[in-house]
Every structure is written in C-alpha cells, then in structure tokens.
Amino acid sequence: MSDSEDDIPLSQINNGPIISKASTLILNAAPIDDSTPDPSEARTSVTISASQDKESSEDSDDIPLTQRKQQLETEKTLASDSDDDIPLADKRAATKQIMKQESSDDDDIPLAKKRKVQAKAKEVPVSKVASSPKRAASTVSTPAPSKKAKKDEVSKKKLKKEEEEREIYRWWEEQTSQRAGDNEDGGDGVIRWTELSHYGVLFPPEYVPHGIQMKYDGKPVTLTPEAEEVASFFAALLESDHGKNPTFQKNFFSDFREVLAKNPKNPRLERFDKCDFTPIWHQFQLDKERKKQLTKEEKLKLKEERQKIEEPFLFATVDGRKEQIGNFRIEPPGLFRGRGDHPKTGRLKRRVYPEQVTLNLGKESPIPPTLPGHKWGKIVHDQQATWLATWKENINDTSKYVFLAPNSSWKGQSDMKKFDKARELKNYVDKIRASYTADLKDKLSEVRQRATAMYLIDRLALRAGNEKGDEEADTVGCCSLRYEHVTLEPPNTVHFDFLGKDSIRYENTVQVDHQVFKNLKLFQNQVGEGHAIFDRLTTTGLNKHLNSCMPGLSAKVFRTYNASFTCQQQLDRLTNADDTLPDKILSFNRANREVAVLCNHQRAASKSHAQQMVKIEDKIRTIKYQRMKLRKQLFSLDASIKKKRPDLAEDESDLDDDWIMQHDIDTIAKEREKVQTKFHKQNEKRKADGEPLQPDSELKDRLAKVEDLKVQLDKERGGDISVAANMTVHKLLDRIARLDDRLNATKIQATDKEENKEISLGTSKMNYIDPRIIVAWCRSYDVPMEKVYSKTLVQKFRWAQDIPDDWKF
DNA sequence: ACTAGCGACTCAGAAAGGTGAAA
DNA sequence: CTTTCACCTTTCTGAGTCGCTAG
C-alpha cells in the first residue's frame, strides 16, 4: 500500500459513495502569499500536492472543500499535472472580471457600450405594443380545438410560442443602472414599480361535509361540519409519519377539542387514544381510488375547469408588462406540518378570509373582486415592495406573501445580483482568508471566534445560524453551534454532528488548521455542554464584519460562491469534448452532485430503495451467471485459452451454489408462467376472432420444452457443459466481451443509484449554481440546455443566456 | 449603543402530479 | 398493447437569512 493511500481514512475507502458522511478531509487555513498582487494569480498558483501528509498539506490548501475531496479521490492522476490543470482561460477571465468591475463600479460605462445598450432598450416598447396584456390573455385561454383542426392547432401553438417569446421582458439587455437594487448600497429605498395590477388571490373552496362519522370509544359520533373538517385533516394523515408523531397528535387533539367546544352539538372527546378516525380515512382511500379510475376525458375536463378558475390570477401587470405570478392561492386550512421536532407541529392552521389579506396594488389599478360578502383587509401601494399580497398565518404569527414567479424580471434581477455578488467574492476571497487566518490568533476572543466561524463558513459552506426561539425546532448553523455538536479528536480532527435547516442532519469529519482546532477546544471548554461555542458572536456581528471586508458580503454569499466555484471547476475537470452526450450528462450530474454534497442537500431515500437495490444486484448476478456459463463453454472448446487469458479463468465473485439453484428454479417457474399466459391469451384472441382454439395438447408440448430446459439447467449445474454445434471460440469471446460491457454498465448504475439515494441535486441547481456556468458549458460541449434544465428552469434562467461563449465563473 | 422583534426576501424537502420505459 | 413502476418535474409551504427599527 502506498503512502498516500494510507492517508485516506478507512471510512472513505469502505463507503466510498457516501462522501459527506464520515469522510475525512484535510482543511488547513490558507497561508496566503500577500506579495501576490492579483488575487486571481494567488488562486491559480495553488499547487496540488500528491501526498496528503499533514506536513505538505499545509501549503496546498487554498482550495474549497470539494476540490480537496477530489484531490483525495484522484491523487494518482493529479500527481503528474498539478499546476497546468487550471485552464489559462480561467486566469484571463478572472482578470477581465476585475477590470469590468472597476469600470462599472463608478458608473463609467464606455460610450460605445452605452450606445449599444440604449439602442436595445429602445426596442422594448415595440415588443410591448405587439403583445398587449389583453391579447395575450385571450391566447392563453384558447380552448382545446377539435381533432380536425389538429394541423391548425400545431401552427397556433407555434404562434403562441413565438408570441410568448416576444412578450418576454429582456431586462438584461437594458442599461444596468436602471435596474432596481443594482446599486451597491442594497436594494432599500428603491422604487420597484410605478404601475402594478393583478387579480388578487384565490381562496380555497368552502368546506363540503362528507358526513362520515368518526368513532369515539368504539361508537360513531356526529360532528358539526367545522369539527368534521378538522377531524378529516387528521384522518387524511392517519398513516403518515405526521399522524404517528406524538407531538403532532397532542397538538392536533388540543386544537380539535377547542373546535369541538365551540358548538354544544359536538360531543366531548376526552382522550385521543379513544378516537378512531379510520372510517374517514377509508373513505378518503376510496375517493382516491375513484379519482384514479376516471377516464382520460373526465380527468381532462376537471383539469380544464380548474385552469379556467385560475386563469385571471395567473399574471400581473408590472409597468405595462405581463409577469407570471408564483403562488396566487391562499394556503388552505389544515394541520401545521412542522419539520423535525417542531413543538407546534399538528396545530390547526385556520382558514384565511379576505379581511386578513392585504393587497399591494398601483394607485390607479382596479381593486379586484373577492369572496361574496367579504372585503379585503387593506389595500396598499408600496412601490418598494415586490409582494402582491400578504397575510398572517396563525401558528407562528409570521407573514405569508404572494410573489411573482421565478421567471419574472424581479426574481431574475435579484438572482443575477446574487450570483454577481458571489463572483465578486472571488476577487476578495484570498484577502479575506488571509485576514481571518491572522485573526485566528487574535487576543480578543470576540475576534477569534469570528475568525473561526468564518473559517467554517468558508471551508464547509455552513449557514450563518441565527438564534432560534423555544417555539421552534432546535436546529443550528455556524454561529449557533453548541458544545455537543462538535467533537474534537487530536491532533486536528473535528467531527460535526448537528441538525441544520429543516432538521437535516449534518454529519462530517474534517481535519482543520491547528489553530482552528485549538480555538474550538478553547471555546468549548469555556462554555461547556449545552451552550453555544461562539458565545461572543452573533450573525449580525459576523455579517457586519463581512460587509466591511467586501461591500454587500454576508455569510450566505460564501455558500453561493463555494457552490458555483466547485461546479465550474468540476465541470472543467470532468468533461471531455469527445465524450458522447450521455457521458457528458453523467459528468454534469457528477459535478452537480459534488455541489449537493458540499451544501448537504438531502432527500429521504425512497421507500422502495432497498428493494430496488436488491433487484439490481440480482441483475448483476444474472449477468455474471451467464458469463460463467460462456466461460465454461469456451474452456471446453479450447482449454489452452485458460493460459492465454488468465482473466477469464477467474471465477465470478458472489456467485454461490444456493443462488444458482434458486435462480434456475425461478427461471423455470417464470418460463412456465410465460408459456401459459401466452397460450391463454392466444386462445382468447382466437375466440374473439371466431377462429378454432388451440388444443390443450399444444400447451403440453410447449410446457414439455420448458421441462427440457430444466433438465439442461440441472445438467449444467452438475458440471455437464454443452456447447452448441455452431459455436466458435471467437463467438464466445465476443459474447463474453458484450456481457462484460453490460456488467460494467449495470454496476455503474448500481453505484450511481446508491450514491444518489439521499442526495438531492435540485436545490443546488436551482439556487446555488450560477446558471451562466451551465449555459457556457452547454455551449462549449454542444449539449442542449433542455438536457440539464427543466422547462421552468430554462425560463427562470433566461437572463443567463446573454453571455459570451467563453464565460467563466 | 444595544437588542429583540419583525418584515421581506431566499432557500428547503415533502408531496403531488406527470411521463415514459419496462414488464 | 396495457399496466405498472420508477423517475423526473412542479407545487406547496415551512425554514432560513439578513437588514431595519423601535424601545
């Protein structure tokens, strides 16, 4: 075993796939060479050391986490090409970026550029005229035409698409200074609109009682509609995790009793464990079944009816432009589904009425109608806000908002701003790292804690970690980490184990800079169990400091920066221009996965995952079994091959006699069934066609053939190898080669599946990876965008397509 | 000057819905 | 050819971040 391999922790070798969990990483603070004038130079001059002993890793670490992981995984390949691994283009792009920054900072756009931008801006009103909101709305509502007009329909669709394309507000082609929130001092005080109109919000339908009685103490009880509704909320969740959660049950029952007590007609229910909601639950199951049984036409009709109701709410008009609205529905009443160990989970979320809703509208805009007999709570004209409607939810007394959809200009602009900010951090990060590395030894514990936290946020992409109240789930981020969340193992290994946002567990083992280790130990000892490690640090304080390092910098920018940086770098590393399209997409997904692991984006493994894995393992074994048989035939034809091809002489792993026996039995059973169903089906068809039926003797003949197969399999198991007369060594070798390919493909599929079991790629793709990285990648490797972005994401990131081909993060 | 609380926004996984390939 | 199942997309709404303001 080589030195370097020795340093890879066992855990990583064993459970290779599960990278984030229990993988040990080496993280040392960057000793930054201050003499380097250009920060981008500092980055590119990083050397990737081949050996991972603690000594040498000290100099090799100006590298985000994921890069380090790769480093560990692929040391052998990297050993030879350390420095030239980083493309020149990267260097150039970085320098270019700085120049661009400097010039746009003081609003000093070159004249030539300005002219171009203005010209483009002028085009906008033209397209606006071409598609007045009214006309567009009528296009959307075009009902499905008859089959005869199919051709017509296709061309109409094309037209519609073109029209929609024209309708898109290409804000990214306009002069930047006009854009709200584009200035450095944040977006406050900025007027976002002068004209705003929309149709308000869509309320859920009133409750329709079903009359199914729940039971109490074994006896059916009659409830008022209001109480029945609440009982039904719970009944629907009876078999879910929520329904089985004691806190959920307790909170639900307490609120349920309150509702019951409001009307004397309701019975008094004292104990939850005497309640039986199964009658309602069963009814719901039935309803679901019935809904599934509906014909295609009926389903389509229902869908169209739904869409007709939604239609007026779909779009808002902002300064004369049509913009899609994200969530125009008022959240229906139900039971609060808090994540993790939320103290309020299961409480009744009450129905919202118009009186509780505030609308944000232009002064001139008509006030939309609302539920009969009701009035809107308030109408405001807040031109600095981007929300269209708001209301308070009764569980935590927090605000809910109606916003425009992700493809809107408001969302797009702030998205672009976010990624530009992260990209700007590239130019500051070396300085910032140098500064916090120095601060790790500061005498003031406040400063020291801040530096240590910055190290963790930078290197591990942790969230800031605001303080939380008693009425919320106990989850933490960097600043709120407590004693028990961190375990130190000398000389410099740190184990993290805590619940983060959404109560998702963060479990990671890393090797850190010695000073960081020392600091953590010191802070831990000072505070003791149950207390925050960074007792002198608040997120506000941290962010204030970060803002002084770089305008607009806050903790979350590091997450965006690290994610995008990692993605860019992984894509560059993994993609080959001459790969096939599926291979390129595999590389893409790998890069994406790297980011998801970094950000700890998880999902619940599907219930059938284990089953699916068994199935795929079985598939692998079946291939191996077939391969073994071919090998044996090969050797019986020509024994000399054993020596010529020692690789073929080796036995296939994990093929045991028991499995083979069972496999043969299963094969025969399946074959029998197949023959029988086929026979019966054929006869049924003949019957329908009025042809004479096949006699039972035919079935017997066919089944006899299966028996022959059985005999042959039994023989083969006994070591009796039969080779077909026309079989040749060449043919057999060919077949084995093909099986090997299939085996490999299936194995990769299995690994991939296992690796992805609990990793969610969507969140990073949607929120953390600069879409321009992906657009540029798609262009340079000739991959259609639709292969990596869903329809909605393509729309959301339309702005990102306006970049030069060689764009780099 | 500090802090708690809150408003408005981004980010998050679960669940529902849709689709296309395998059985 | 139909049905089933696995996977992907969209919807939903809860959970964070972060700056501001009031006391």
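When reading the values below, keep in mind they use all heavy atoms of this one structure, side chains included, and skip hydrogens, waters and symmetry mates.
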For dG18(B), what is the paired nucleotide under Watson-Crick or G-U wobble rules, both distances under 3.5 Å? dC7(C)
Nearest whole angstrom, please: distance from the P of dC12(C) to the CH2 of Trp391(A). 11 Å
Ring centers of His601(A), Tyr768(A) separated by less than 6.0 Å: yes
Does Lys299(A) make a side-chain N or O approach to OP1 or OP2 of dG17(B) shorter than 4.0 Å? no
Across the strands shown, which category fits Gly500(A) at heavy-atom distances under 4.0 angstrom: base, sugar-phosphate, nothing? sugar-phosphate
I need the CD-C1' distance between Glu472(A) and dG14(C), as an integer number of Å. 11 Å
Figure out the NZ/C1' separation between Lys344(A) and dT13(C), and round it to whole Å. 16 Å
How about Pro333(A) and Pro204(A): do any of their side-chain heavy atoms sit closer than 4.5 Å? yes
Which residue lies more 5' along DNA chain C, comparing Arg329(A) with Tyr789(A) via nearest heavy atoms: Tyr789(A)
Could you state the atom-to-atom distance from NZ of Lys417(A) to P of dC18(C) in whole Å? 13 Å
Is the distance from OP1 or OP2 of dT17(C) to the nearest side-chain N or O of Asn466(A) less than 4.0 Å? yes
Sequence neighbours excluded - salt bridge (Lys or Arg N to Asp or Glu O under 4.0 Å) pairs with any residue from residues 392-410 of chain A: Glu331(A)-Lys400(A)
How is Pro332(A) classified with respect to the nucleic acid when contacts are heavy atoms under 4.0 Å: base, sugar-phosphate, or nothing? sugar-phosphate
Candidate nucleotides dG7(B), dG14(C), dG16(C), ranked by approach to the side chain of Lys468(A) - the nearest: dG16(C)
Within the structure shown, what part of the strands sits under 4.0 Å from Lys392(A) by heavy-atom distance: base, sugar-phosphate, or nothing? sugar-phosphate
Please give, in whole Å, the distance from dG17(B) P to Lys288(A) NZ? 10 Å
Could you tell me how far apart His545(A) (NE2) and dC18(C) (P) are, to the nearest whole angstrom? 15 Å
For His342(A), what residues pass the ring-ring contact (aromatic ring centres under 6.0 Å, His included) criterion, not counting sequence neighbours? Phe336(A)
Classify the nucleic acid contact of Gly477(A) as base, sugar-phosphate or nothing, counting any heavy atom under 4.0 Å across all strands shown. nothing
Nucleotides 8-14 of chain B: protein proximity per nucleotide (B base, S sugar-phosphate only, - neither; heavy atom, under 4.0 Å): BBBBSBS
What is the ring orientation for Phe313(A) with Tyr199(A), classed by angle as parallel under 30°, tilted 30 to 60°, or perpendicular over 60°? perpendicular
Between Ser790(A) and dT10(C), does any side-chain N or O lie under 4.0 Å from OP1 or OP2? yes
In whole Å, what is the span from the CZ atom of Arg337(A) to the P atom of dA16(B)? 7 Å
Quick one: ring-ring contact (aromatic ring centres under 6.0 Å, His included) pairs with a partner in residues 460-481 of chain A, sequence neighbours left out? none
So for atom CZ, which belongs to Arg621(A), do other residues, nucleotides or ligands contribute more than 12 heavy atoms lying within a distance under 6.0 Å? yes
Steps toward ring pair (Phe, Tyr, Trp, His ring centres under 6.0 Å) verdict (Phe809(A), Phe565(A)): CA-CA 7 Å; Phe809(A) 179 74; Phe565(A) 182 86; 7.2 Å; no
Taking only N and O in the side chain of Thr539(A), is any of them less than 4.0 Å away from OP1 or OP2 of dC18(C)? no
When you compare the protein's N or O atoms with those of nucleotides 4-7 of chain C, which come within less than 3.5 Å of each other, and at what distance?
residue: dC7(C); atom: OP1; partner: Lys753(A); partner atom: NZ; Å: 2.4
residue: dC7(C); atom: OP2; partner: Gln612(A); partner atom: OE1; Å: 3.2

I would like to know whether Ser503(A) and Asp341(A) meet side-chain hydrogen bond (donor to acceptor under 3.5 Å, both in side chains); could you show each step before the answer? CA-CA 8 Å; Ser503(A) 294; Asp341(A) 207 353; over 6 Å; no
Contacts of Ser554(A) and Glu786(A) projected onto DNA chain C by closest heavy atom; the upstream (5') one is Glu786(A)
What nucleic acid atoms does Lys303(A) come within less than 4.0 Å of, heavy atoms only: base, sugar-phosphate, or nothing? sugar-phosphate
Residue pairs passing the salt bridge (Lys or Arg N to Asp or Glu O under 4.0 Å) test where at least one lies in residues 538-560 of chain A, sequence neighbours excluded: none
Length of the CZ-P vector between Phe498(A) and dG16(C), whole Å: 12 Å
Base, sugar-phosphate, or nothing for Thr475(A), non-hydrogen atoms under 4.0 angstrom? sugar-phosphate
Look at atom CD of Glu239(A) and say whether more than 12 heavy atoms of other residues, nucleotides or ligands are closer to it than 6.0 Å. yes
